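A short write-up of the structure that comes next.
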Amino acid sequence: MYNTIPDQLRKLAIENVFSTNTYQNCWRTWQPEILRLLGNNYTENEILNIGDHLSDIFRSTGGGGRGQGELSASGTAWESLVCWYINLCTAGSRVVAVKKMSIVPKAIQDAITVNYGNFACNTESDITILVFPDLPEYNTNINQLNILNNLGIQIQPILRNKFNLELTNHLAEKDFNQFEIGIIQCKTNWNDNAQIPMLWDMIYSAGGFRGRNITIGRNGYNIQNAQSFSYSFVTVPSNQNTVYNPNGVAVKRVTNLSGGNYWGNPSIQNVAKSLKEIFTNNFQSGSRTGLRTDIRAAIPELTANNSLSYFGLY
DNA sequence: TATCGCCCAGCGCTGTAACG
DNA sequence: CGTTACAGCGCTGGGCGATA
């Protein structure tokens with residue numbers, strides 16, 4: 001159970017999140033807060049509804065600290081919390097959120113690279129969402145797989161006790177056009193920064209600009225050839241004393257993003273949606289049985305010494 | 001006058017490359 | 001394989017100017 005390729009990559013992604021000092025410090029405060037929100041005998045509803053409270057959870061640490069340390073760390077912390085939450089809600093599905101770029105399959109990395117002349121800029125993305133194709137390779141226990149590399153040699157799913165990324169690299173090349181790709185731009189504040197996701201979304205939507213030698217993708221991998229591509233924005237927002245209304249520039253700039261704009265609060269019509277809505281908006285095809293069914297099945301496994309205990313919810 | 005959007009500068013954390 | 005060094009990255013909140 002939870003031993004498919006997507007779920008192995010998910011585990012790697014979450015272990016990476018927990019490996020940073022910033023997240024470990026935050027987690028000491030966040031974990032009790034999250035467990036309190038979940039309550040006893042929680043269901044898939046309580047798990048999903050964490051999305052309405054992510055901003056409160058985030059603000060429970062730091063508390064307006066203006067030190068450069070906290071300032072710098074907060075961006076990482078928000079990204080990490082969003083990554084944790086998305087993976088929690090998608091456990092058991094073929095949807096995986098990855099924060100660390102180097103564990104994203106190479107072909108996907110290539111596809112989302114924007115080339116400005118011969119300079120590859122924006123190879124980084126805050127969080128990359130992968131929806132693995134609905135093929136046997138991605139629904140089967142990795143111990144029963146027999147995947148051959150280009151030399152005809154079987155790829156070991158586990159190498160030196162670690163998930164072997166050669167597996168995902170190879171399969172993403174082979175099945176590239178059946179992958180769905182999502183980029184999530186995380187920002188703790190909203191106002192001025194809304195320009196950044198707006199502009200990148202324009203470039204991705206336009207598919208580059210030939211006359212100016214601005215292109216997307218490299219090594220033959222292009223988001224146009226993937227199954228789908230979406231660009232989303234997720235903010236806290238940390239701005240104090242700011243009321244967001246549907247006509248504000250910051251709001252207008254992100255409401256038309258291909259993947260939508262979200263925050264860690266309950267949805268407000270025409271302003272921002274709760275992050276919990278991102279699953280029905282963008283990544284529905286990543287589950288055979290449906291999101292809620294997957295979460296329901298995952299809940300017993302979140303406890304100590306079970307297959308999803310790496311989420312730290314015990 | 002009230003509101004809104006835009007601008008500014010800095011320093012510690014993280015990840016990666018280089019090294020032993 | 002473990003350690004070190006370094007380069008790149010990001011968030012905040014007040015003030016100013018433009019507009020209604």
Side-chain angles (χ1 to χ4, degrees), chain A residues 9 12-30 54-84 97-106 108-110 112-114 116 119-128 158-165 169 183-200 231-256 261-265 268 270-272:
Chain A
L9 189 65
L12 211 55
I14 294 297
E15 285 170 351
N16 169 252
V17 163
F18 273 96
S19 74
T20 65
N21 291 325
T22 303
Y23 197 78
Q24 284 186 18
N25 289 335
C26 290
W27 191 246
R28 280 195 277 274
T29 307
W30 292 348
L54 287 173
S55 297
D56 294 335
I57 294 164
F58 175 76
R59 280 189 293 256
S60 68
T61 48
R66 292 289 291 125
Q68 292 293 339
E70 292 165 341
L71 195 154
S72 169
S74 58
T76 307
W78 177 240
E79 268 180 44
S80 301
L81 181 61
V82 169
C83 185
W84 177 88
V98 179
K99 186 167 109 58
K100 189 183 185 180
M101 200 56 177
S102 59
I103 66 174
V104 172
K106 292 281 188 301
I108 311 284
Q109 289 184 36
D110 285 343
I112 62 179
T113 299
V114 176
Y116 191 58
F119 168 65
C121 60
N122 201 39
T123 54
E124 295 301 315
S125 106
D126 286 351
I127 293 177
T128 310
I158 303 286
L159 210 57
R160 289 186 287 273
N161 275 331
K162 286 166 69 179
F163 180 63
N164 187 1
L165 290 172
N169 283 335
I183 289 181
I184 296 184
Q185 172 84 240
C186 296
K187 297 280 176 201
T188 58
N189 76 53
W190 188 344
N191 299 6
D192 302 352
N193 277 313
Q195 289 187 37
I196 297 167
M198 175 186 73
L199 292 168
W200 283 118
Y231 195 98
S232 316
F233 178 62
V234 184
T235 182
V236 176
S238 57
N239 310 74
Q240 305 293 314
N241 307 318
T242 309
V243 177
Y244 295 94
N245 68 67
N247 293 320
V249 168
V251 175
K252 289 280 191 199
R253 282 197 166 123
V254 292
T255 41
N256 281 320
N261 75 302
Y262 306 88
W263 60 12
N265 297 312
I268 294 183
N270 297 323
V271 174

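Here is the naming used below: chain letters follow the sequence lines, and residue numbers restart at 1 for every chain. Remember, predicted model here, so these are calculated numbers, not experimental data.
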- Task: Mind calculating the distance between CG (A:L159) and C1' (C:dC1) to the nearest angstrom?
- Result: 15 Å

- Query: Can you check whether A:W30 and A:W84 have ring centres sitting under 6.0 Å from each other?
  - Reply: no

- Expressed in angstrom and rounded to an integer, what is the separation of A:Q195 atom CD from C:dG10 atom C1'? 16 Å

- Item | Nearest-angstrom distance from the residue atom CD1 of A:I196 to P of C:dT12 | 13 Å

- Task: Please check if the side chain of A:N189 supplies one atom and the backbone of A:P237 the other of a donor-acceptor pair under 3.5 Å.
- Result: no

- Starting at CD1 of A:I127 and ending at P of C:dC9, how long is that distance when rounded to a whole Å? 18 Å

- Roughly how many Å is it from CZ in A:R253 to C1' in B:dC4, rounded to a whole number? 12 Å

- Message: Can you confirm whether or not the ring centre of A:W200 sits under 6.0 Å from the ring centre of A:Y231?
- Response: no

- Can you check the A:Q109 CD to B:dT16 P distance for me, whole Å? 10 Å

- Would you please confirm or rule out a distance under 4.0 Å between OP1 or OP2 of C:dT12 and any side-chain N or O of A:N189? yes

- Task: For A:W190 and B:dC4, give me the distance from atom CH2 to atom C1', rounded to whole Å.
- Result: 15 Å

- Look only at the side chain of A:Q109 and the backbone of A:V104, and say whether a donor-acceptor pair between them is shorter than 3.5 Å. yes

- Task: Would you kindly give the CZ-to-P distance between A:F18 and B:dG15, to the nearest whole Å?
- Result: 15 Å

- Taking OP1 and OP2 of C:dG10, is either one under 4.0 Å from a side-chain nitrogen or oxygen of A:T188? no

